[in-house]
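What follows is a single structure, and I will ask about it in a moment.
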Amino acid sequence: QYPAEVEYLWVPCSYIEPTGQVSIQVIDEGVVKFVPVRMNANLHSSTIEALLDQKKKMHLSTFRLSLDETRNELENVARENGAEERFQVSDQSRDNMKSAKDVVKFIHGQCVEVYIFQKGLPRGEFANDVMYRQLICQMLDTKKYALSKLLWWIEDPSMTFRQMGMSSCRFIGDKATQLKEAHYGRLVFLDSKLREMPEGSEEQQAFAAKVCNAHGWLAGSVTDVND
């Protein structure tokens with residue numbers, strides 16, 4: 001940009017900057033340009049590796065907080081939507097599950113698996129902007145997908161424990177084994193229920209708000225009241 005500009009390049013995190021008068025001297029090896037330098041940071045400052053570790057630790061700390069929030073919301077959703085009643089009339093493929101609390105624990109365990117996956121990634125992945133953005137989105141989506149999976153099991157009596165991946169006996173065709181699969185499966189389920197309702201009825205209008213929320217089409221500042 002500036003033809004006459006001089007740029008000095010140093011080893012990363014060396015914290016060295018040029019200072020004072022530059023001089024040129026002739027020595028046995030030839031003409032040498034001497035550039036006085038000084039340290040411009042504490043020698044105890046973090047290295048690049050330490051900074052990358054810190055970024056990874058901060059992200060994982062946020063993820064752990066999100067896991068706690070997810071568990072609390074799963075428990076609230078189960079309590080407020082009659083999960084225990086749904087459990088008592090469910091199919092018999094539930095293995096060692098004894099109550100709806102075990103269902104919540106299982107789904108939350110799937111969230112923890114996503115955390116463990118991210119924890120095992122090399123620290124360099126957290127320095128890549130594209131990858132780091134994907135990791136953040138995966139963390140946020142994990143919570144949304146977990147809630148969708150629980151709600152689909154509660155709302156759709158036809159969904160079995162095997163189809164939801166909660167049984168030791170599984171098949172390739174099981175449509176809600178993974179959290180993401182369950183989320184999109186619930187969206188299809190809600191869309192189909194909406195189409196079955198009488199066109200233009202109050203029931204359909206009220207249910208439409210629920211469908212929009214599930215799809216994420218309503219922002220937090222928009223009310224659910226149908227105008």
Side-chain angles (χ1 to χ4, degrees), residues 63 66-67 69-118 134-199 201 203-220 222 224:
F63 205 150
S66 178
L67 288 175
E69 293 177 347
T70 301
R71 182 181 60 251
N72 292 335
E73 290 198 32
L74 285 171
E75 292 173 350
N76 290 336
V77 168
R79 182 171 57 254
E80 295 171 1
N81 292 272
E84 188 58 42
E85 291 77 4
R86 167 73 171 90
F87 182 87
Q88 297 303 326
V89 298
S90 61
D91 62 287
Q92 300 301 314
S93 61
R94 54 198 185 199
D95 292 343
N96 296 323
M97 292 189 178
K98 299 179 181 180
S99 69
K101 291 182 179 180
D102 292 325
V103 176
V104 170
K105 183 178 180 180
F106 179 89
I107 296 177
H108 184 262
Q110 290 188 297
C111 299
V112 175
E113 290 176 1
V114 180
Y115 168 82
I116 294 175
F117 164 76
Q118 291 198 5
Q134 293 175 352
L135 293 175
I136 293 175
C137 290
Q138 185 182 48
M139 175 185 67
L140 298 175
D141 286 342
T142 296
K143 179 180 179 180
K144 177 175 66 176
Y145 296 164
L147 293 172
S148 279
K149 181 165 186 171
L150 177 60
L151 283 169
W152 190 16
W153 173 73
I154 295 174
E155 296 164 345
D156 187 356
S158 68
M159 290 302 297
T160 65
F161 283 104
R162 180 181 59 78
Q163 290 174 320
M164 300 296 282
M166 301 179 192
S167 172
S168 58
C169 180
R170 301 179 185 178
F171 296 94
I172 297 178
D174 293 343
K175 51 188 176 181
T177 300
Q178 302 300 320
L179 294 177
K180 186 176 182 178
E181 294 174 347
H183 170 68
Y184 287 105
R186 179 177 180 250
L187 295 182
V188 173
F189 167 72
L190 294 177
D191 290 342
S192 63
K193 284 196 65 175
L194 181 64
R195 289 193 294 269
E196 294 172 357
M197 296 178 179
E199 188 68 29
S201 64
E203 180 187 16
Q204 187 188 53
Q205 294 176 9
F207 194 78
K210 180 178 182 178
V211 174
C212 289
N213 273 322
H215 279 278
W217 294 337
L218 289 181
V222 179
D224 293 343

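The structure displayed is predicted, hence computed values, not measured ones. Both backbone and side-chain heavy atoms feed into the values below; hydrogens, waters and symmetry mates do not.
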Q. So Phe63 and Tyr115, would you call those rings parallel, tilted or perpendicular, with 30° and 60° as cut-offs?
A.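 If you compare the ring of Phe63 with that of Tyr115, the planes turn out perpendicular.
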Q. Taking NZ, NE, NH1 and NH2 as the nitrogens, is one of them in Asp141 or Lys144 under 4.0 Å from a carboxylate oxygen of the other?
A.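 A salt bridge links Asp141 with Lys144.
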Q.
Nearest 0.5 Å, please: how far is NZ in Lys105 from CD in Glu75?
A.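 Here the rounded value is 11.5 Å.
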Q) Just one of Lys149, Lys210, Lys193, Arg86 clears the salt bridge (charged side-chain N to carboxylate O under 4.0 Å, His left out) bar with Glu155, so which one? A)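 The salt bridge (charged side-chain N to carboxylate O under 4.0 Å, His left out) with Glu155 is passed solely by Lys210 among Lys149, Lys210, Lys193, Arg86.
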Q. Less than 4.5 Å apart, any side-chain heavy atom of Thr70 and any of Thr142?
A.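 When only atoms from C-beta onward are counted, Thr142 and Thr70 do not touch, as no gap falls below 4.5 Å.
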Q: Would you give the length of the straight line joining atom CG of Leu74 to atom CZ of Arg79, rounded to the nearest 0.5 angstrom?
A: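 The distance works out to 11.5 Å.
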Q. Checking side-chain contact (heavy atoms from CB on, under 4.5 Å) for the pair Cys111/Lys143: CA distance, chi angles, key distance, verdict?
A. CA-CA 7 Å; Cys111 299; Lys143 179 180 179 180; over 6 Å; no
(Q) Quick one, Met139 and Leu135 - any side-chain contact, counting heavy atoms below 4.5 Å? (A)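 With C-beta onward as the side chain, the pair stays apart.
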Q | Ser158 backbone acceptor or donor facing Asp156 side chain under 3.5 Å | A |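 Indeed, once roles are kept as given, a pair shorter than 3.5 Å links the two residues.
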Q) If you round to the nearest 0.5 Å, how far is CH2 of Trp152 from CE of Met164? A)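 Here the rounded value is 6.5 Å.
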Q | Atom pair CD/CD1 of Glu80 and Ile154 - distance to nearest 0.5 Å | A |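 Going from CD on Glu80 over to CD1 on Ile154, the span is 10.0 Å.
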Q) If you round to the nearest 0.5 Å, how far is OG of Ser148 from CG of Leu190? A)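 Output value for this atom pair is 8.0 Å.
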Q. Does the pair Asp102 and Met166 meet the rule for a side-chain contact (heavy atoms from CB on, under 4.5 Å), with working shown?
A. CA-CA 10 Å; Asp102 292 325; Met166 301 179 192; over 6 Å; no
Q) Are any non-hydrogen side-chain atoms of Phe87 and Met97 less than 4.5 angstrom apart? A)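 Contact flag for Phe87/Met97 side chains = yes.
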(Q) Using side-chain heavy atoms (C-beta onward) and a distance below 4.5 Å, is Ile107 in contact with Leu179? (A)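 Side chain of Ile107 against side chain of Leu179, heavy atoms only: contact under 4.5 Å found.
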Q. Do Phe117 and Gln138 come within less than 4.5 Å of each other through their side chains, counting heavy atoms only?
A.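 Yes, close enough: below the 4.5 Å cut-off.
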Q) Can you tell me how far CZ of Phe161 sits from CZ of Phe106, rounded to the nearest 0.5 angstrom? A)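 Going from the CZ atom of Phe106 to the CZ atom of Phe161 covers 10.5 Å.
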Q: Heavy atoms only: give me the nearest Glu84-Ala100 pair and the separation to one decimal.
A: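 Looking at all heavy atoms of both residues, the shortest contact is OE1-N, 3.0 Å.
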Q: Could you pull out the closest heavy-atom pair between Pro198 and Glu203, with the gap in Å?
A: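 That closest heavy-atom pairing would be CD-OE1, 4.2 Å.
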Q | Side-chain heavy-atom pair Asp191, Arg195 within 4.5 angstrom cut-off | A |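 Asp191 reaches Arg195 side chain to side chain.
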Q: Without swapping roles, check the side chain of Glu199 against the backbone of Gln204 for a donor-acceptor pair under 3.5 Å.
A: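 It does not hold such a pair.
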